[in-house]
Amino acid sequence: MENTLAKKSARPARRRARTTLPAGEHHDSQSWRKHNIGRLLNNAITRFESRILQQMDEAGYSGFSLSHITITRNLDIEGTRATDLAKRAGITKQSVGELIAQLEAGGVVERKPDPNDKRSRIVFFTPLGIEWLNAFRTALQQAEAEMEEELGLQRLKQLKQALADYGET
């Protein structure tokens with residue numbers, strides 16, 4: 001046993017990767033939790049989509065949430081199976097089912113039997129859902145214009161390109 005300890009102590013100590021901290025920040029600080037890229041992206045998307053929802057409310061399409069946007073963002077115009085919506089959105093089939101039911105109650109989507117698989121159903125936008133989608137596009141364009149006004153055209157273009165590049169890998 002003593003021999004084993006001697007071998008261990010003869011090895012050079014492993015060094016931890018050292019991160020550079022902003023001036024005045026200590027190693028026990030938790031600021032990294034608020035300022036990491038994931039949190040920053042989440043904050044930005046929440047602000048952006050909240051603005052879209054506010055504009056949708058003003059256009060007469062109230063009662064929808066960020067969760068509903070997650071479904072409609074992933075719904076193809078030609079229809080999509082609920083299982084595919086769940087995969088694309090990264091949420092459970094049960095959650096997708098609830099959100100689809102809420103969107104159905106709002107008249108935005110409907111489910112129809114899949115002609116290729118009688119056990120499955122495909123989710124489609126209704127005619128009202130297409131109107132909703134057009135209003136959503138207008139709200140999205142307005143929110144993006146507001147973002148451009150705040151960040152500047154060049155920074156917004158760089159941000160969009162960087163996100164597109166990163167998301168493709």
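If you read the sequence from its start, that first residue is 1, and numbering goes on from there.
Taking 4.5 Å as the limit, every side-chain heavy atom of I71 sits out of range of all side-chain heavy atoms of V123. When side chains are defined from C-beta on, Y61 does not count as touching V108, because their heavy atoms never get closer than 4.5 Å. Contact annotation: the side chain of R155 never approaches that of L159 to less than 4.5 Å [non-hydrogen atoms, C-beta and beyond].
Formation of a donor-acceptor pair under 3.5 Å by the N36 side chain with backbone atoms of W32 is found in this model. A donor-acceptor pair under 3.5 Å is absent between the side-chain atoms of T46 and the main chain of N43, judged by distance alone. Put simply, the side chain of T126 gets close to the backbone of G107: a donor and an acceptor are under 3.5 Å apart.
For residues 116-128, every residue pair satisfying the salt bridge (charged side-chain N to carboxylate O under 4.0 Å, His left out) rule, not counting sequence neighbours, is listed here: R81-D117, D117-R119. The salt bridge (charged side-chain N to carboxylate O under 4.0 Å, His left out) analysis of residues 133-149, with sequence neighbours excluded, yields the pairs R51-E146, E144-K160. Residue pairs meeting the salt bridge (charged side-chain N to carboxylate O under 4.0 Å, His left out) criterion with at least one partner in residues 86-100, sequence neighbours excluded, are D76-R88.
Judged as a salt bridge (Lys or Arg N to Asp or Glu O under 4.0 Å), and not counting sequence neighbours, E58 has no contacts. In terms of the side chain to side chain contact (heavy atoms under 4.5 Å, CB included) criterion, residue partners of R47 (sequence neighbours excluded) are, by chain and number, E150. Listed by chain and residue number, H68 satisfy the side chain to side chain donor-acceptor pair (under 3.5 Å) test with Q102 (two or more places apart in sequence, or in another chain). The salt bridge (Lys or Arg N to Asp or Glu O under 4.0 Å) test applied to R33 returns no partner, not counting sequence neighbours. Residues satisfying the side chain to side chain contact (heavy atoms under 4.5 Å, CB included) criterion with S95, sequence neighbours excluded, are I91, T92. Residues satisfying the side chain to side chain contact (heavy atoms under 4.5 Å, CB included) criterion with I37, sequence neighbours excluded, are L41. K34 pairs by the salt bridge (Lys or Arg N to Asp or Glu O under 4.0 Å) definition with nothing, not counting sequence neighbours.
The shortest heavy-atom contact between Q161 and D165 is NE2-OD1, 2.6 Å. A pairwise comparison of heavy atoms in I52 and A143 identifies CG1-CB, 3.8 Å as the closest pair. Taking all atoms of both residues into account, the shortest heavy-atom contact from G97 to R111 is O-NH2, 4.0 Å. The two residues G106 and L128 come nearest to each other via the heavy atoms O-CD2, 3.7 Å. Heavy-atom minimum distance, L53 versus S65: CD1-C, 3.7 Å. In this structure, A89 and T70 approach most closely via the heavy-atom pair CB-CG2, 3.4 Å.
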Requested in this report: Begin with the C-alpha distance, continue with both residues' side-chain angles, and end with the deciding distance and a verdict on side chain to side chain contact (heavy atoms under 4.5 Å, CB included) for Q54 and M56.
Outcome: CA-CA 5 Å; Q54 181 183 12; M56 292 294 286; over 6 Å; no
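Taking CG from L75 and CZ from F125, the interatomic distance works out to 4.0 Å, rounded to the nearest 0.5 Å. Interatomic distance, OG1 of T72 versus CZ of F136, reported as 5.5 Å (0.5 Å rounding). A distance of 6.5 Å separates CG of L85 from CG of N74, quoted to the nearest 0.5 Å. Here the CD atom belonging to Q141 is positioned 10.5 Å from the CD atom belonging to Q55, to the nearest 0.5 angstrom. Interatomic distance, CZ of F48 versus CG of L66, reported as 12.0 Å (0.5 Å rounding). To the nearest 0.5 Å, atoms CG (L103) and CH2 (W132) are separated by 7.0 Å.
A continuous path of Ile, Leu, Val, Met, Phe, Trp and Tyr side chains, each step under 4.5 Å between heavy atoms, connects I77 with I100, placing both in one hydrophobic cluster. A single hydrophobic cluster is not seen to contain both L151 and I45; linkage of ILVMFWY side chains at heavy-atom distances under 4.5 Å, directly or through other members, places them apart.
Grouped by direct or indirect side-chain proximity (heavy atoms under 4.5 Å, Ile/Leu/Val/Met/Phe/Trp/Tyr only), L40 sits alone. The hydrophobic cluster containing I122, built from Ile/Leu/Val/Met/Phe/Trp/Tyr side-chain heavy atoms closer than 4.5 Å, also comprises F124.
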